[in-house]
Amino acid sequence: MGEADMKRGRNRRTKLLLAAPLTACAVCFTSTQAFAAADGARTEPARHGVSEVRYNLGDKAFPPPKSSGYVGDNELNGAVYYPDDISTGTHPLIMIEHGFWDTCADAEASRSLTAAQAALAEDERSGDTADAAKQEAIIEAASERLSAWPCAPGVRQIPSYLGYDYLGRDLASRGFVVVSVGANGINSTSEGQADTVYQERAALINAQLRMWRKLSSTGEGPLRGSFVDARSGRPSSVNFKNHVDMRNVGLVGHSMGGGGVMQEIADSSRAAWPEGVSVKAAFALAPTATWDVELITKTSFAVMWGTCDQVNTGEFFDWNKDDNSAPIAQYTVRGGVHDFYNKQWSPSSGQVGAHDDAVPGSKPGTCESQFPGATALRTDQKELSEQRQRRITKDYVGAYFAARLLGRTRYEPYLTGEKPFPGTGGVVSTRFDGGVG
């Protein structure tokens, strides 16, 4: 990923096109809506009720470490999904980081950008260079308004960190404490800093983990007294002290957030983890490639990508499969679309800038495969719906962390491909490597 790609992604609202060829799968199998359907209700643990609180310590509360060379402050906020019976035990923490997107819900700027892009395309066809220059200036100005941080007075932020609530709630119902954090400040300042942006994303994760370690161990720190109920907005007295297991942490990242998560678990990054924190596993949704593709040999990870996804690389599996000591997996979703992992980015949200970013196929309901290197996938793909893709995501992410963080070995056959998941028509294929240690 280069700086030109980042600028092009912002101005054309396409986001860092990083397609990679699909490697042939080792085992093909279907996804499921519930493990109870496959294993029987007696083996499926009872689900917890789920509550949600949020916190916001400020739009620029996190300055980047000086050693990183990154310039630009980020917010420290989060949406927290947790079991209603949080006080009855200790729960592993899962942290989610979103990817690159516009930061401000400026509808007027979005309309201006769309109109200028259409006019520019016509100018390029007709050869009207004077008007083309005018439209390019409009595009630049509108893009700056959409990517500002903090947003202009009266303009709401686009809360990308809330786009994984379906996943956060599902994981919390399984017994995890889930924190989805904002990265709008990084998105606003990342242009021109491609070589350090993933280090900054990893540093943000560490800053959040540090606050949670302090809260969970002592009840003190910046998060003390900062929670508000997600529905009412009123202060919440939820007590996380001694109820969050910071030595049993999982990470989820989407798009550039996926790249940030992979940077965080790289062998070279482990020394930067906060004292008392141990990241045991990570799940990356359509992750972009980290700058130096640093080795990940000690931490278990899984990568999910879609055949109609323009903005990902699933090659982390291939880059690390010969060196890993921990289990790693790659899941390919036939017809999967990049934006559908995040509800805020998906068309049904009605959010500013939300859209289906798949390339349309030759027939209605299809999208063009983004993996021309795989002969079997060169034809049109049947595009998944938002709901179906997110259901598959919940199944795999939930099973993965139940196995890796809770030690529920009955999920292993589904994660390795040994047993099929009923219910979704064979749209998922897997590759699995159990590691050498």
Side-chain angles (χ1 to χ4, degrees), residues 6 9-15 52-62 72-81 95-117 138-169 178-191 201 204 208 223 226-236 253-257 338-357 386 390:
M6 190 174 292
R10 190 185 302 284
N11 287 349
R12 298 187 182 178
R13 299 171 62 73
T14 56
K15 300 171 297 300
E52 178 186 355
V53 292
R54 297 176 188 171
Y55 61 94
N56 189 341
L57 306 183
D59 289 342
K60 293 194 172 186
F62 174 62
D73 299 338
N74 194 77
E75 68 267 36
L76 283 176
N77 65 0
V80 187
Y81 310 92
M95 188 162 287
I96 304 174
E97 184 176 71
H98 68 81
F100 181 80
W101 197 255
D102 287 333
T103 55
C104 301
D106 190 326
E108 181 182 349
S110 182
R111 288 190 293 268
S112 176
L113 177 66
T114 300
Q117 287 173 328
I138 294 173
I139 290 171
E140 184 69 25
S143 297
E144 289 179 359
R145 289 166 60 186
L146 289 165
S147 62
W149 191 253
C151 298
V155 177
R156 296 177 295 107
Q157 69 160 300
I158 295 178
S160 291
Y161 75 107
L162 299 181
Y164 311 99
D165 64 328
Y166 69 96
L167 185 56
R169 289 185 170 279
V178 184
V179 184
S180 183
V181 304
N184 273 344
I186 294 175
N187 286 345
S188 178
T189 57
S190 58
E191 185 176 312
R201 284 181 168 275
L204 172 63
Q208 290 275 4
L223 293 178
S226 65
F227 298 109
V228 298
D229 182 84
R231 292 186 177 181
S232 68
R234 296 174 181 171
S236 171
H254 174 207
S255 192
M256 285 188 71
H338 192 78
D339 288 358
F340 289 0
Y341 291 113
N342 189 306
K343 289 170 65 176
Q344 290 288 322
W345 303 2
S346 299
S348 64
S349 71
Q351 181 62 267
V352 171
H355 67 299
D356 178 346
D357 64 331
E386 296 177 30
R390 289 196 278 268

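Predicted model only: the values in this text are computed from it and were never measured. Values below: all heavy atoms of this structure, side chains included; hydrogens, waters and symmetry mates excluded.
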Give, for atom NZ of K343 and atom CD of Q351, the distance between the pair rounded to the nearest 0.5 Å. 12.5 Å
Check whether S188 reaches the backbone of S147 with its side chain - one donor and one acceptor, N or O, closer than 3.5 Å. yes
Just by modelled atom types, is the V155 backbone N or O under 3.5 Å from a matching donor or acceptor in the D106 side chain? no
Hey, what do you get for CH2 (W101) to CG (L146), rounding to the nearest 0.5 Å? 11.0 Å
Hey, are the side chains of V228 and Y55 touching, using non-hydrogen atoms and a 4.5 Å cut-off? no
I139 to A116 - nearest heavy-atom pair and separation: CG1-CB, 3.6 Å
Side chain to side chain contact (heavy atoms under 4.5 Å, CB included) between F340 and D357, intermediate numbers included: CA-CA 9 Å; F340 289 0; D357 64 331; 5.7 Å; no
Nearest-0.5 Å distance that lies between atom CG in L57 and atom CD in Q208: 7.5 Å
Please check this pair: side chain of Q157 against backbone of P150, looking for a donor-acceptor N/O pair closer than 3.5 Å. no
Please report the shortest heavy-atom distance between S255 and G99, naming the atom on each side. CB-CA, 4.1 Å
Could you pull out the closest heavy-atom pair between G185 and N74, with the gap in Å? N-OD1, 3.0 Å
If I take atom OG from residue S160 and atom CD from residue E97, how far apart are they, to the nearest 0.5 angstrom? 11.5 Å
CG (L167) and CD1 (I96) are apart, to the nearest 0.5 Å, by 4.5 Å
Determine, stepwise, if the pair S180 / L162 fulfils side chain to side chain contact (heavy atoms under 4.5 Å, CB included). CA-CA 7 Å; S180 183; L162 299 181; over 6 Å; no
Measure across R201 and F100 and return the closest heavy-atom pair with its distance rounded to 0.1 Å. NH2-N, 3.8 Å
Applying the side-chain contact (heavy atoms from CB on, under 4.5 Å) test to H98, which of I158, V181, N187 qualifies? N187
I want to check something: taking the side chain as every heavy atom from C-beta on, are S346 and R390 in contact at a cut-off of under 4.5 Å? yes
W149 and T189, any side-chain heavy atoms less than 4.5 Å apart: no
With a 4.5 Å limit on heavy-atom distance, are the side chains of W345 and H338 in contact? yes
How many angstroms lie between atom CD of Q344 and atom OG of S349, to the nearest 0.5 angstrom? 5.5 Å
Are any side-chain N or O atoms of Y341 and backbone N or O atoms of Y164, one a donor and one an acceptor, separated by less than 3.5 Å? no
Backbone N or O of C104 within a donor-acceptor pair of the N184 side chain at under 3.5 Å? no
Any donor-acceptor N/O pair, S112 side chain to A109 backbone, under 3.5 Å: no
With a 3.5 Å distance limit and no angle check, can you tell me whether N77 reaches the backbone of N56 through a side-chain donor-acceptor pair? no
